[in-house]
Protein chains: 2
Amino acid sequence: MTQKQEQLSKNQQIVLSIIERAKGPLKAYSILYNVQKRGIKAPLQVYRALEKLIEAGKIHKIESKNAFIACKNSDCEISKTTAFSICNNCEHVKEIKNSKLSKYLSNFADNSGMKYKKYNLEFFGLCKNCKLKQ
Amino acid sequence: MTQKQEQLSKNQQIVLSIIERAKGPLKAYSILYNVQKRGIKAPLQVYRALEKLIEAGKIHKIESKNAFIACKNSDCEISKTTAFSICNNCEHVKEIKNSKLSKYLSNFADNSGMKYKKYNLEFFGLCKNCKLKQ
DNA sequence: TAACAAACGTTATATTATAACAAATTAAGG
DNA sequence: CCTTAATTTGTTATAATATAACGTTTGTTA
Ligand SMILES: [Zn+2]
Ligand SMILES: [Zn+2]
Ligand SMILES: [Zn+2]
Ligand SMILES: [Zn+2]
């Protein structure tokens with residue numbers, strides 16, 4: 001009876017805490033530098049933790065940036081339907097929590113007959129701050 | 001009066017022709033191997049061509065795969081609003097052309113007040129073929 | 001406690017992408 | 001045509017991102 005792991009392991013906790021404390025998405029090697037004092041020495045240790053954290057819905061990968069951000073949607077069990085807004089100027093990234101959007105996309109079906117359980121959406125534009133400064 | 005380039009350069013044409021002939025998305029180094037007989041020797045030559053082709057809307061990058069696919073929407077001048085369906089099993093990728101979807105997303109605005117001119121959406125699931133074989 | 005799965009540690013290496021610089025080509029204006 | 005600027009090219013080196021392979025340790029379950 002294999003069952004989904006509940007508890008995070010030591011390395012997973014360390015990596016998660018760094019990501020949660022960060023103001024924005026972190027890159028894997030930046031995480032590595034941040035956790036070396038806590039005993040994590042190699043990239044692979046970070047990548048393994050990242051993989052598990054993503055599976056657990058604790059973090060998401062921003063694909064267009066190869067960076068990782070903590071989930072703010074009360075730990076999306078979802079984790080499969082993600083949407084982000086990304087500022088092209090200051091690189092600010094925010095997870096979009098919008099039930100209409102997620103409903104719309106979860107129910108989307110094109111003529112291919114393919115039904116999707118998973119998607120990732122990345123919006124780009126200028127955030128409020130950066131819009132003013134222009 | 002700088003103006004958007006109309007004509008593709010030699011290397012851009014070579015790279016584009018490879019991508020257009022391919023059945024699915026190609027990775028940069030796979031493109032490189034494919035064009036070496038045509039005189040392109042270095043990764044940078046490929047990446048430079050890719051960059052221009054993306055700007056021109058001739059190709060798109062599949063972010064979750066670090067791969068490049070030819071645009072099928074009559075050369076999206078759009079190129080800024082992209083959606084793809086990706087099969088998790090056979091890796092088949094198809095650009096989604098659906099005006100309702102693009103209208104919905106182009107008009108989407110969340111409570112952040114941010115308005116988006118650009119997005120990339122990647123759907124994941126099983127294609128028809130792979131669904132049958134399961 | 002035996003058996004298995006998951007996590008860990010470590011070294012090496014694969015893959016993806018860009019920096020820096022100089023030469024060649026192309027486009028536009030006088 | 002000549003000049004100038006912009007773009008494209010060629011080349012070498014290197015940065016940044018990610019995984020393979022192996023053996024050990026730890027935790028769970030029967
Ligand atoms: Zn989330
Ligand atoms: Zn901003
Ligand atoms: Zn397109
Ligand atoms: Zn398939």
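Nothing here was measured: the structure is a model prediction, and the numbers come from that model. Chain identifiers are assigned alphabetically (A, B, ...) following the order of the sequence lines, protein sequences preceding nucleic acid strands; residue numbering begins at 1 within each chain.
A:I54 has its CD1 atom 14 Å from the C1' atom of D:dT17, to the nearest Å. Rounded to whole angstrom, the span from the CD atom of B:E51 across to the C1' atom of C:dT16 amounts to 15 Å. When rounded to the nearest whole Å, the span between CD of B:Q45 and P of D:dT12 equals 10 Å. Per the geometry, CG belonging to A:L26 stands 12 Å off P belonging to D:dT17, to the nearest Å. The nearest whole Å value for the distance from the OH atom in A:Y47 to the P atom in D:dA20 is 13 Å. One interatomic measurement links the two molecules: CG of A:L50 to P of D:dT17, which rounds to 12 Å at whole-angstrom precision. At whole-Å resolution of the value, CD in B:Q7 and C1' in C:dA27 are 12 Å apart. Look at CD on A:Q13: it is 12 Å from P on C:dA7, rounded to the nearest Å.
Phosphate contact (OP1/OP2 of C:dA7, side-chain N/O of A:K52, threshold under 4.0 Å): present. Between A:K41 and C:dG9, a side-chain N or O to OP1/OP2 separation shorter than 4.0 Å is absent. Put simply, A:K27 has no side-chain N or O that comes within less than 4.0 Å of OP1 or OP2 on D:dA16. Contact annotation: B:K10 side-chain N/O to D:dT9 OP1/OP2 distance is not under 4.0 Å. At C:dT26, none of the side-chain N or O atoms of B:S9 fall inside 4.0 Å of OP1 or OP2 (strictly under the cut-off). Between A:N11 and C:dG9, a side-chain N or O to OP1/OP2 separation shorter than 4.0 Å is present.
When atom types are taken as modelled, the side chain of A:Q13 and the backbone of A:K10 share no donor-acceptor pair closer than 3.5 angstrom. In this structure a side-chain-to-backbone donor-acceptor pair under 3.5 Å is missing from B:S106 to B:K103.
Between B:L44 and A:N66, the residue anchored nearer the 5' end of DNA chain D, judged by the nucleotide with its closest heavy atom, is B:L44. Take the nearest nucleotide of DNA chain D for B:R48 and for A:K65: the residue whose nucleotide is more 5' is B:R48.
Between A:K65 and A:E91 a salt bridge is recorded (basic side-chain N to carboxylate O distance below 4.0 Å).
For A:Q12, counting side-chain heavy atoms from C-beta on, the closest listed nucleotide (C:dT11, C:dA7, D:dT19) is C:dA7. For A:A28, counting side-chain heavy atoms from C-beta on, the closest listed nucleotide (D:dA18, C:dT10, C:dA7) is D:dA18.
In this structure, B:K61 reaches the sugar-phosphate backbone alone: every heavy-atom distance under 4.0 Å involves primed, P, OP1 or OP2 atoms, never a base.
Using a 3.5 Å distance cut-off with no hydrogens or angles, the side chains of B:N11 and B:S9 do not pair a donor with an acceptor. Remark: the A:S64 side chain and the B:E63 side chain contain no N/O donor-acceptor pair separated by less than 3.5 Å.
Residue B:Y29 and nucleotide C:dT16 are classified as a stacked aromatic pair, their ring centres being separated by less than 5.5 Å at an interplanar angle below 30°.
With a cut-off of 3.5 Å on both Watson-Crick or G-U wobble distances, the partner of D:dT9 is given as C:dA22.
A distance of 10.0 Å separates CG of B:L121 from CD of A:E122, quoted to the nearest 0.5 Å.
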